[in-house]
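Here the structure is laid out as structure tokens; the discussion comes afterwards.
All heavy atoms count here, side chains included; hydrogens, waters and symmetry mates do not. Chain letters run A, B, ... following the sequence lines, proteins first and then strands; every chain starts at 1.
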2 protein chains.
Amino acid sequence: MTTTDGNALVDDLAARIRAMIMSGEIPIGAPLRQAELATQFGISRTPVREALRQLQTGGLIEVVPNRGAVVRVPVPWEVREAYEVRAELEALAARRAVDRLDDASIAELRAVNTAMYERSIRIAAGEQVETGGVDNDQFHTLIYRAAGNTRLGRLLTELNDAFPRNVSALVLRDNSRHREENFREHEELIEAFVAGEHDRAAELMRQHVSSAGEHLAHWYERRSSTVFTG
Amino acid sequence: MTTTDGNALVDDLAARIRAMIMSGEIPIGAPLRQAELATQFGISRTPVREALRQLQTGGLIEVVPNRGAVVRVPVPWEVREAYEVRAELEALAARRAVDRLDDASIAELRAVNTAMYERSIRIAAGEQVETGGVDNDQFHTLIYRAAGNTRLGRLLTELNDAFPRNVSALVLRDNSRHREENFREHEELIEAFVAGEHDRAAELMRQHVSSAGEHLAHWYERRSSTVFTG
DNA sequence: CGCTCCTTGATTGGATACAATCAATAGCAG
DNA sequence: CTGCTATTGATTGTATCCAATCAAGGAGCG
């Protein structure tokens with residue numbers, strides 16, 4: 001439910017390109033040539049241009065005036081900035097969600113959290129698991145959907161889409177301590193929801209997102225060297 | 001300083017159209033025809049399309065797939081939603097600004113606040129005053145510039161640009177009580193900055209923005225009837 | 001040998017032509 | 001007079017063409 005519809009083809013296109021960047025199919029720093037994308041999708045350059053512009057305003061790609069677009073290489077301080085803001089907004093979402101989460105939604109939160117946890121354990125054990133389905137974003141999305149503020153939801157989505165690759169899928173997969181931490185923090189949060197404690201829910205969420213941002217920034221710090229060297 | 005440059009012509013175009021909407025030159029609910037705007041600016045439809053899409057993602061205009069774009073009619077609950085978020089973000093900006101505002105910036109804040117206050121008094125007295133220069137947005141912009149978080153600044157700008165017409169210029173002009181209130185709240189805020197009180201600055205800002213949002217929502221409520229009847 | 005300037009190739013930016021879509025309305029049947 | 005359908009006009013959506021721009025590389029000069 002985006003407030004203004006726009007154009008279906010262009011929006012789909014933007015979403016597909018975004019997904020390709022997020023999944024790593026189009027790597028960080030790679031150039032995005034309009035003609036190339038156009039032939040690849042079997043359409044003209046015109047809608048591709050608009051889709052790229054859309055991604056540009058989101059900050060996912062960088063457009064140099066007559067030289068083309070590249071997937072943005074996130075600088076750690078940008079990640080920290082974004083997550084400082086995100087912590088505040090998610091805290092607001094959590095506070096608002098306290099009074100709006102019904103029993104079914106609480107159950108869904110628990111289900112998503114445990115499913116995600118068990119899945120990540122299986123992955124860590126080397127087992128091959130289907131990638132789709134539950135993930136970390138879904139947990140948070142459930143909360144800010146419940147918050148019932150569309151503007152808030154839009155801004156959080158925008159922040160989520162600002163950096164390539166999926167936070168949970170990579171950071172959580174690489175580090176078992178963070179995985180445990182993530183699961184426990186989500187559980188505490190659910191407890192606060194059930195208990196109806198607004199301030200506690202907000203504060204827990206703030207802390208949770210802050211530390212997640214710190215982990216992600218570190219991930220990009222480590223990553224940046226490998227990106228540039230090869 | 002927008003992080004990604006994009007295209008100068010299109011960005012300027014979007015800014016000009018936005019300004020025309022903000023100032024009321026293009027009224028709320030008016031259709032924005034691509035061909036019309038193109039001839040008006042002496043260019044082709046292509047950049048106009050991109051500029052409109054840009055305004056659309058900002059939420060200022062609404063685009064119906066094959067029927068054209070119109071200036072969005074703000075619904076009061078949307079204003080309330082946006083200002084609830086904005087209150088949180090401006091509170092964060094104020095908290096961060098406490099440690100980063102030097103004496104010169106404090107002096108500038110005071111100057112802008114008093115200048116704005118005196119100007120609004122002269123306007124209320126019926127005097128004709130040049131419209132440009134200091135205004136309410138400038139006061140707030142100074143603060144979130146000082147906050148030193150570019151992402152935060154971008155989001156706040158985005159929120160500011162989401163609704164037609166200038167908040168201060170209209171709401172403050174119409175109501176002397178709000179004018180006094182606004183001036184006093186700004187002064188208190190500056191006191192908190194000078195005293196270095198993080199929590200107080202954040203809380204004052206939160207309250208200040210909240211009440212401003214309430215005023216604006218009321219303004220749109222009253223306005224909506226006149227818009228629809230003619 | 002190094003520096004400058006010009007050419008050239010690749011790519012985006014803008015203009016225009018054409019197709020698709022939708023709402024309004026006129027015409028017709030019942 | 002009412003309801004349905006086909007046509008039409010206006011507008012956006014897409015494709016294609018040409019111009020503008022920039023970086024890289026090579027020729028010529030000091």
Taken in chain and number order and not counting sequence neighbours, the residues that satisfy salt bridge (charged side-chain N to carboxylate O under 4.0 Å, His left out) with B:Glu81 are none

Under the rule for salt bridge (charged side-chain N to carboxylate O under 4.0 Å, His left out), what residues qualify as partners of B:Glu50, not counting sequence neighbours? A:Arg49, A:Arg53

Taking only residues two or more places apart in sequence or in another chain, which ones pass side chain to side chain contact (heavy atoms under 4.5 Å, CB included) with B:Glu88? A:Glu88, A:Leu92, B:Arg206

With sequence neighbours excluded, what pairs up with A:Asn149 under the side chain to side chain donor-acceptor pair (under 3.5 Å) test? none

Contact pattern, 5' to 3', of nucleotides 14-19 of chain C - B, S or - by protein heavy atom under 4.0 Å: BBB---

Would you mind listing every salt bridge (Lys or Arg N to Asp or Glu O under 4.0 Å) that reaches into residues 17-45 of chain A, with sequence neighbours excluded? A:Arg18-A:Asp161, A:Arg33-A:Glu36

At a cut-off of 3.5 Å, list every protein nitrogen or oxygen paired with a nitrogen or oxygen from nucleotides 21-26 of chain D, distance to 0.1 Å.
residue: D:dT21; atom: O3'; partner: A:Asn66; partner atom: ND2; Å: 3.1

A:Arg151: which residues meet the salt bridge (charged side-chain N to carboxylate O under 4.0 Å, His left out) condition with it, sequence neighbours left out? none

To the nearest angstrom, how far is B:Glu36 atom CD from D:dA10 atom P? 13 Å

Over all strands shown, is A:Leu52 touching base, sugar-phosphate only, or nothing at heavy-atom distances under 4.0 angstrom? nothing

Which residues pass the side chain to side chain donor-acceptor pair (under 3.5 Å) test with B:Asp99, sequence neighbours left out? B:His198

Whole-Å distance, B:Asp12 CG to C:dG13 P, equals 14 Å

Between C1' of D:dT16 and CD of A:Gln34, the distance in whole Å: 14 Å

Just checking, any donor-acceptor pair under 3.5 angstrom between side chains of A:Asn160 and A:Thr157? no

